[in-house]
A.B. asks: 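Just passing along the structure, written as structure tokens.
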Amino acid sequence: MAISFDKALGDFPSHLSLYGERSSLLAANIANADTPGFKARDIDFRSVLAKAGGEKMVMKTTHADHLGGSSAVSSPDFMYRIPTQPSVDGNTVDTQVEQAEFAQNAVRYQSTLTFLNSKFRGLRLAIKGNS
Amino acid sequence: MSLFNVFDIAGSAMSAESVRLNVTSSNLANAQSAGGSETDTYRARHPVFSAVMHSLKADASSVGVRVDGIVESQTPMEKQYQPNHPLASEEGYIFLPNVNMVDEMANMISASRSYQSNVEVLNTSKQMMLATLRMGQ
């Protein structure tokens with residue numbers, strides 16, 4: 001009987017990488033707030049998570065002893081944001097919206113980390129016993 | 001790891017915004033630098049930003065900012081009749097730079113606000129990374 005990190009940690013690691021990806025996307029939006037013609041982009045979380053729930057991407061194995069290595073989340077699709085106040089130079093970044101999304105994303109990242117930490121605590125308790 | 005990209009992106013934006021602040025301060029400083037002809041007189045400068053893809057992939061999430069160049073404003077200059085000015089032309093005119101103070105002040109505020117939001121992004125990402133490093137402890 002072996003401890004499988006994949007089973008023990010659930011979907012949290014893939015959520016973490018998705019939030020990380022999204023934070024760099026939102027950072028790019030904020031960075032380009034003054035670039036003419038730049039179009040703000042974001043990830044549609046619902047569709048990515050729905051896709052992750054349905055099919056799982058598994059690494060190809062060529063030998064029976066190879067590990068499968070599953071990644072629950074396939075590479076997300078980037079969508080262009082629908083601007084509420086497009087500017088004259090073709091830029092669709094709304095800095096306030098992006099900042100709010102970025103803060104929200106950071107909190108989600110932290111909460112996922114908290115969940116992961118409690119998973120690890122549980123594993124450690126299982127390994128050590130009640131000592 | 002995509003969180004590392006945030007540092008590159010926000011860093012490029014911060015350097016671009018500081019170039020913009022530099023240009024604005026140069027414009028404000030030279031707002032009264034008169035000259036004897038249109039070619040000799042200081043012209044207002046403006047930076048041109050463009051998005052730069054760090055990766056070759058078209059769907060890359062890391063898009064930094066680059067300052068493509070500095071362009072000189074082509075709006076006509078103010079001509080003043082001051083025959084006693086040491087730089088005055090034959091006809092007694094001096095030329096004042098085409099710096100629009102209101103434009104420059106607005107530009108300055110916008111640049112400093114953008115800089116601040118990028119610093120905020122950088123700090124938040126740093127905290128996220130440090131929390132990730134402490135995972136499982």
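Order of the sequence lines sets the chain letters (A, B, ...), proteins ahead of strands, with each chain counted from 1. Quick caveat, the model's predicted, so the values are computed rather than measured.
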A.B. asks: If I measure from the heavy atoms of chain A, does B:R66 come under 4.5 Å with its side chain, its backbone, both, or neither?
C.D. replies: neither

A.B. asks: Same hydrophobic cluster for A:L16 and A:L123, using side-chain heavy-atom links shorter than 4.5 Å among ILVMFWY?
C.D. replies: yes

A.B. asks: Output the distance between atom CG (A:L113) and atom CE (B:M135), rounded to the nearest 0.5 Å.
C.D. replies: 6.5 Å

A.B. asks: Any link between B:F7 and B:M128 through a network of hydrophobic side chains (Ile, Leu, Val, Met, Phe, Trp, Tyr) touching at under 4.5 Å?
C.D. replies: yes

A.B. asks: Membership question, hydrophobic clusters at under 4.5 Å side-chain separation (ILVMFWY): are B:M129 and A:L25 in the same one?
C.D. replies: yes

A.B. asks: Taking atom CD1 of A:I82 as the centre, report whether more than 12 heavy atoms of other residues, nucleotides or ligands fall under 6.0 Å from it.
C.D. replies: no

A.B. asks: Please classify the contact of A:I30 with chain B as side chain, backbone, both or neither, using a heavy-atom distance under 4.5 Å.
C.D. replies: both

A.B. asks: Would a 4.5 Å heavy-atom cut-off, applied to side chains only, mark A:F102 and B:S125 as touching?
C.D. replies: yes

A.B. asks: Answer with yes or no whether the hydrophobic clustering places A:Y19 together with A:L9; edges join I, L, V, M, F, W, Y residues whose side-chain heavy atoms lie under 4.5 Å apart.
C.D. replies: yes

A.B. asks: Enter the distance from A:Y109:OH to B:Q127:CD here, rounded to the nearest 0.5 Å.
C.D. replies: 12.5 Å

A.B. asks: Does anything in residues 99-124 of chain B get under 4.5 Å of chain A by heavy atoms, and if so which residues?
C.D. replies: B:S110, B:S114, B:S117, B:N118, B:V121, B:T124

A.B. asks: Is A:R22 close to chain B through its backbone or its side chain, or both, or neither, when contacts mean heavy atoms under 4.5 Å?
C.D. replies: neither

A.B. asks: Does some side-chain heavy atom of B:L3 sit less than 4.5 Å from a side-chain heavy atom of A:S23?
C.D. replies: yes

A.B. asks: CZ of A:F115: more than 12 outside heavy atoms within 6.0 angstrom?
C.D. replies: no

A.B. asks: Might you work through the side chain to side chain contact (heavy atoms under 4.5 Å, CB included) test for A:F38 and B:V63, ending with a clear yes or no?
C.D. replies: CA-CA 10 Å; A:F38 184 83; B:V63 187; 3.7 Å; yes

A.B. asks: Is B:M77 reachable from B:L96 through a run of I, L, V, M, F, W or Y residues, each pair having side-chain heavy atoms under 4.5 Å apart?
C.D. replies: no

A.B. asks: Could you report the tightest heavy-atom contact between A:A31 and B:I9, atom names first, then the distance?
C.D. replies: CB-CG2, 3.5 Å

A.B. asks: Minimum heavy-atom separation for A:D34 to B:R20, with atom names?
C.D. replies: OD2-NH1, 2.9 Å

A.B. asks: Is chain B contacted by the side chain of A:T95, its backbone, both, or neither, given a heavy-atom distance below 4.5 Å?
C.D. replies: side chain

